[in-house]
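These numbers were taken from a predicted model, which means no experiment stands behind them. Positions are given from 1 along the sequence.
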Amino acid sequence: MLLLQQMIVLFIYMLIGYIACKKDMLDAKAGQKLSWIVVNVANPSLIISSAVNEEGKITGDTLMLTVAIAIAMYILLLLLAKIMPWIFKVPQKDHGIYKVMSVFNNIGFMGFPVIAAVYGKSALLYGAVFMIPYNVLIYTYGIQILKGTNGEKETFQIKKILNIGVLACVLAAVLYISKFPVPQFAKAATEGLSNLTGPLSMIVIGISMTKIPLGELFADIRLLIFSAVKLLVIPILGMLIIKQFVTDEILCGVCMVMLATPVGSMTAMLAQQYGGDQETVTKGVSLTTILSVITIPVVSAIVL
């Protein structure tokens, strides 16, 4: 019930962004500026606050188990991405789009706020473990797949992988392990800024949804079936496997959120930058985000 309530809250934030954009109170440029605040200020603060708050403690063995699960999860998602376009008979030109949509979920903009609200900020240390391979993959595999259709090659740049999100994860881990004494004003600042993540991230998603008429989202049968598989089949099967090895309820909850969140909004940004079909990926982000308000609580009720 708590998870359902949290998803409804996030949906309300998203609706505010959508309506504000439709009413010309906000626009795409405002969405980009708000997105900058989320990516560079609010979300890193949310991650760091998970390490300096005193809500709970996580053992080293559990963190190592989380690392193993994160690596295994992305290996399996990469394998699934190879066959998903063939399963859904996707046109060759859209293979790259469906591959990145299969692998990359919205773990930052949606996953972290949900984890913090439902399982407490200390659980974000688990989530931070998933963010490191996510960033490595999206700036290597993700870009390479999207550029593959036009034959271009992307030069590897370590600075893209070591972005502020990954650096915040590393800093959070160092602060947590070292027990470094953080001044109270710093704790208060990160706590206050972290509270912006949920509302602002969903408002940004709501603004982005105005690009596609809602009627078109539910008219794309292939995308609807893909969304059902991504949001229901994969997380349910994945959690049935994970629960064979994990008994910690909070870790199971975090893994469920990591698997059940919608297509990551970052995929749309990369498609725009590297020549992918931006309309298809924007539809995928929008449709899966809307449906996830229902599917995440459903998955939780089935597997947890």
Kindly compute the distance separating CD1 (I236) from CD1 (I241), expressed to the nearest 0.5 Å. 12.5 Å

For the CE atom of M7 and the OG atom of S300, what is their distance to the nearest 0.5 Å? 11.0 Å

Point-to-point distance, once rounded to the nearest 0.5 Å, from CE of M131 to CE of M258: 8.0 Å

May I ask you to decide if I47's main-chain N or O and S50's side chain share a donor-acceptor pair within less than 3.5 Å? yes

Is Y74 reaching over with its side chain to a backbone N or O of V103, donor-acceptor style, under 3.5 angstrom? no

Gap between atom OG1 of T295 and atom CD1 of I290 - 0.5 Å precision: 11.5 Å

Taking all non-hydrogen atoms of both residues into account, name the closest pair between P113 and S201 and its distance. CG-OG, 4.3 Å

Point-to-point distance, once rounded to the nearest 0.5 Å, from CZ of F11 to CD1 of I205: 12.0 Å

T261 backbone acceptor or donor facing N106 side chain under 3.5 Å: no

Contact summary for L217 and S286, nearest pair of heavy atoms: CD1-CB, 3.9 Å

Minimal non-hydrogen separation, C252 against K243, with atom names: SG-CG, 4.1 Å

Smallest heavy-atom separation, V114 atom then Q6 atom, equals CA-CG, 4.4 Å

Establish, yes or no, whether the cationic atom of K179 lies under 6.0 Å from the six-membered ring centre of Y176 and within 45° of the ring axis. yes

Any idea how F104 and Y141 line up, ring-wise: parallel (<30°), tilted (30 to 60°), or perpendicular (>60°)? tilted

K29 NZ to L34 CG distance, which is reported to the nearest 0.5 Å: 13.5 Å

Run the numbers on F109 and V38 for side-chain contact (heavy atoms from CB on, under 4.5 Å), then give the verdict. CA-CA 8 Å; F109 273 43; V38 173; 3.7 Å; yes

